[in-house]
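Proteins come first, then strands; the chains are lettered A, B, ... in the order of their sequence lines, and each starts at number 1.
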Protein chains: 2
Amino acid sequence: MTPAPTNAPTGPNTPTGPASAAELARLAALLADPTRAAFCLALLDGRAWTAGELAAYAQVAPSTASEHLTRLTEGGLLAERRQGRHRYVQLAGPRVAELLESLTAHLDPPTTPPRGLRAAGASAALARGRTCYDHLAGRLGVAITDAMTARGLLDQDGGFALTDAGRDWLGDGLGIGAAALRSGRRPQARGCLDWTERRPHLAGTAGARLCDRLLERRWIRRIGSGRAVRLTPDGATALHELLGIDSAAAGLV
Amino acid sequence: MTPAPTNAPTGPNTPTGPASAAELARLAALLADPTRAAFCLALLDGRAWTAGELAAYAQVAPSTASEHLTRLTEGGLLAERRQGRHRYVQLAGPRVAELLESLTAHLDPPTTPPRGLRAAGASAALARGRTCYDHLAGRLGVAITDAMTARGLLDQDGGFALTDAGRDWLGDGLGIGAAALRSGRRPQARGCLDWTERRPHLAGTAGARLCDRLLERRWIRRIGSGRAVRLTPDGATALHELLGIDSAAAGLV
DNA sequence: GGATCGTTTCGGCGGCGCCCGAAGTGTCGC
DNA sequence: GCGACACTTCGGGCGCCGCCGAAACGATCC
C-alpha cells in the first residue's frame, strides 16, 4: 500500500508563504556570486574596506567591484560611507554578520590547511585567535567560552545564555554593566559556530563588549591589519586570574 | 586629512578566508532561484512532499522541478526517499531549517496581508498557530514562549535557554525527560524569529518535543494538510492550567 | 591650473542557467 | 500483459549576469 500523496498545493509561487520566494531568492542571489561572497567574507572582520581594496582582494577590475558593491549595498547587506574619493563599505550590522555565520557554518568540510610557510603561519595565527565581526573566535574565543561555561557564568546546556553569575562577573570583573549589554533586540549571549574549531563561542552583545574590553586593556592586540589577534603577556595573566585559563596549554600563544 | 587605506589585501579569492568564497556562493546559489526558494519554503513545514506536488505548487513543469530537486539534494539541503514511483523530499535536517529561518528573518518588510476572503482566512489561521519545521510558531508559539519566560522556565534576558525550573517543568508536567532533550549538537533551546509576530519563539529540541507532545495529547491539531494548527478545547484548558495562558485573550481561537 | 588617483558609467562580449516539450524508464492498477 | 502515472533525461531557446576596457567624473596633491 503506497499512500497517495496528500500534501495540499496550498498556493502558487506568489507571496503566500512565510515570505515570498522571490524575496528569498533575491537575498540569496546577492551571495550567490563568488566575488560578492568573497567581499562579504572579507568584511566579516567587522571593519571598513575601500572599494579598491576589495577589488584587489578578489582580483577583479575596479569597475566590476563597484557594481557588486552597489548591489550589495542596495540589497541591505552592506553600509557605505563616502569619504573624499574613497568609498568605504562594511557589513550593515550584526544581523548580517550572523547571517553569514549561519551560511558558512553549513559549508560541509573544514577547508584543507593551506600550503606554504607564509600561508601556514598566517593560518596558525588565525586559528589561535581572531575577531569574528565584533567578538572573539578561534581557540581563544572557544577557550574563554569553555572556561565561562565551566565556571557557571554561561549556560550551554539549556541553550546559550549568560547566567546571573555571568552577568555579575562581567560587571564586577570587567566593568561591563547591564546597560552595556542592553542593545535593542540583539541577544546578550549567542553561540557562534567556529570554522576552525567547529565549536561554539560567545557572540551577541556580551561577546562584543568582552572583545572591546580586552582590546582596551591591551590583553589582546591585533596582528598587523588583519583580523588575527594575539594574547599579550598581561592578557595571559589576566585570563588565568579571571577564568583559570592556562594559555600555554590551551595553545593560545 | 584623509587616512590612506590601510587594510591589507590579505589574500586572493582562493580559499584563504574562513571558508572559500566559492563554496559560500555555491550554497547561496541553491537558494538564489525563485523556484528552488519556493520549494524550500514549502518544505519548511517539516514534512515530505512529492516532486509532483512541489512542481504544481511552484507552477513549473515536472521536468523542471526534477532538476531543481536533484540540485538541492546534491547540495545537501534536501533529503530524499524513493518510494515506489514517488520521490519524497524533505529538508535535510534542523540545521537546514535554521538556515532558512536566518535568511527569511532578514527579509525586510513583513509581507502585506493577502487579498481575498479565502486567502485571508487561511492567513489568519496561520497567524494564530502553525508549525515551523518541527516546533510551534505564530501567536501560539509566541504565547507559550512568553508564558514560559514569565514563569521563569525560560531565560531570554541572557540569551535563550531553559532554566533548571524549565527542565523540571518539561519533565514533570509533560513527561519530556532529559534524555529526550539531548540530541547531538542541537541546542535544547533556541530562539526562532517569527515572520508574523516578529518576535522569538521556542525552537531547538525542547521546542520540537513540546510540539510533538501537544499533538500527541490532542491539545493542538493540524488544520487540513497544511502547516496551520489550531488549539483544541482540551488544549486551551491545559495551557491555562500549565502556563496560565488565556487563549481567548491571546487570540489563539 | 594641471596631473594623479579612486571610483563610476557604459557597451559589448561570453557563458551559465532556467525553462519547456518530447521521449524514455520504472511502478502501479487492472 | 497493457495502459496510466510519476518521474527523469535530453535538446534547444532565451535571457540574465558577470566580466572587462574605455571613458567620464570628482577629489586630492603639487
Side-chain angles (χ1 to χ4, degrees), chain A residues 1-7 9 12-13 21-22 24-40 48-75 78-90, chain B residues 1-7 9 12-13 21-22 24-40 48-75 78-90:
Chain A
M1 293 270 241
T2 300
T6 52
N7 271 331
N13 202 329
L24 172 56
R26 201 140 32 83
L27 174 60
L30 290 176
L31 298 171
D33 173 76
T35 302
R36 285 195 298 269
F39 285 4
C40 290
W49 292 51
T50 67
E53 285 169 340
L54 287 170
Y57 173 79
Q59 300 179 333
V60 293
S63 57
T64 305
S66 176
E67 288 168 354
H68 284 311
L69 291 180
T70 301
R71 283 191 61 175
L72 287 169
T73 305
E74 287 178 350
L78 262 44
E80 68 180 25
R81 200 176 68 236
R82 308 278 175 144
Q83 201 171 104
R85 55 186 171 186
H86 292 288
R87 177 197 209 176
Y88 285 97
V89 292
Q90 57 184 10
Chain B
M1 295 270 244
T2 301
T6 52
N7 271 331
N13 201 332
L24 172 56
R26 201 143 30 83
L27 174 60
L30 290 175
L31 297 172
D33 172 75
T35 301
R36 285 195 298 269
F39 285 4
C40 290
W49 291 51
T50 67
E53 284 168 341
L54 286 170
Y57 173 80
Q59 300 180 333
V60 291
S63 58
T64 304
S66 176
E67 288 169 353
H68 284 312
L69 290 180
T70 300
R71 284 191 59 174
L72 288 168
T73 305
E74 287 178 351
L78 263 44
E80 67 179 27
R81 202 176 66 236
R82 309 276 175 147
Q83 200 170 104
R85 55 185 169 185
H86 293 287
R87 177 196 209 176
Y88 286 95
V89 292
Q90 56 185 9

| request: Ignoring backbone atoms, establish whether His86(B) has a side-chain N or O less than 4.0 Å from OP1 or OP2 of dG26(C). | output: no

| field | Residue mapping more 5' on DNA chain D - nearest nucleotide basis, Thr70(B) or Arg36(A) | value | Thr70(B)

| Distance below 4.0 Å between Arg87(B) side-chain N/O and dT8(D) OP1 or OP2 | yes

| query | Reckon Arg71(B) has a side-chain N or O less than 4.0 Å from the OP1 or OP2 of dC18(C)? | reply | yes

| field | Donor-acceptor pair, side chain of Arg36(A) and main chain of Ala29(A), under 3.5 angstrom | value | yes

| task | For Arg85(B) and dG29(C), give me the distance from atom CZ to atom C1', rounded to whole Å. | result | 8 Å

| request: Let me know the distance between CG of Leu72(A) and P of dG18(D), rounded to the nearest Å. | output: 10 Å

| OP1, OP2 of dC19(D) versus side-chain N and O of Thr35(A): anything below 4.0 Å? | yes

| Glu67(A) side chain near Thr35(A) side chain, heavy-atom distance below 4.5 Å | no

| Given atom CZ of Arg26(B) and atom C1' of dC16(C), what is their separation to the nearest angstrom? | 15 Å

Give each protein N/O atom lying under 3.5 Å from an N/O atom of nucleotides 10-13 of chain D, with the pair distance.
| residue | atom | partner | partner atom | Å |
| --- | --- | --- | --- | --- |
| dC10(D) | N4 | Glu67(B) | OE2 | 3.4 |

| request: Let me know the distance between NE2 of His68(A) and C1' of dC20(D), rounded to the nearest Å. | output: 11 Å

| Expressed in angstrom and rounded to an integer, what is the separation of Leu54(B) atom CG from dT8(D) atom P? | 11 Å

| task | Calculate the interatomic distance between Leu30(B) atom CG and dC16(C) atom C1'; express it in whole Å. | result | 15 Å

| Distance in angstrom units between Tyr88(A) OH and dA27(D) P, rounded | 16 Å

| Hey, does the side chain of Thr64(A) come within less than 4.0 Å of dC20(D)'s phosphate (OP1/OP2), counting only N and O? | yes

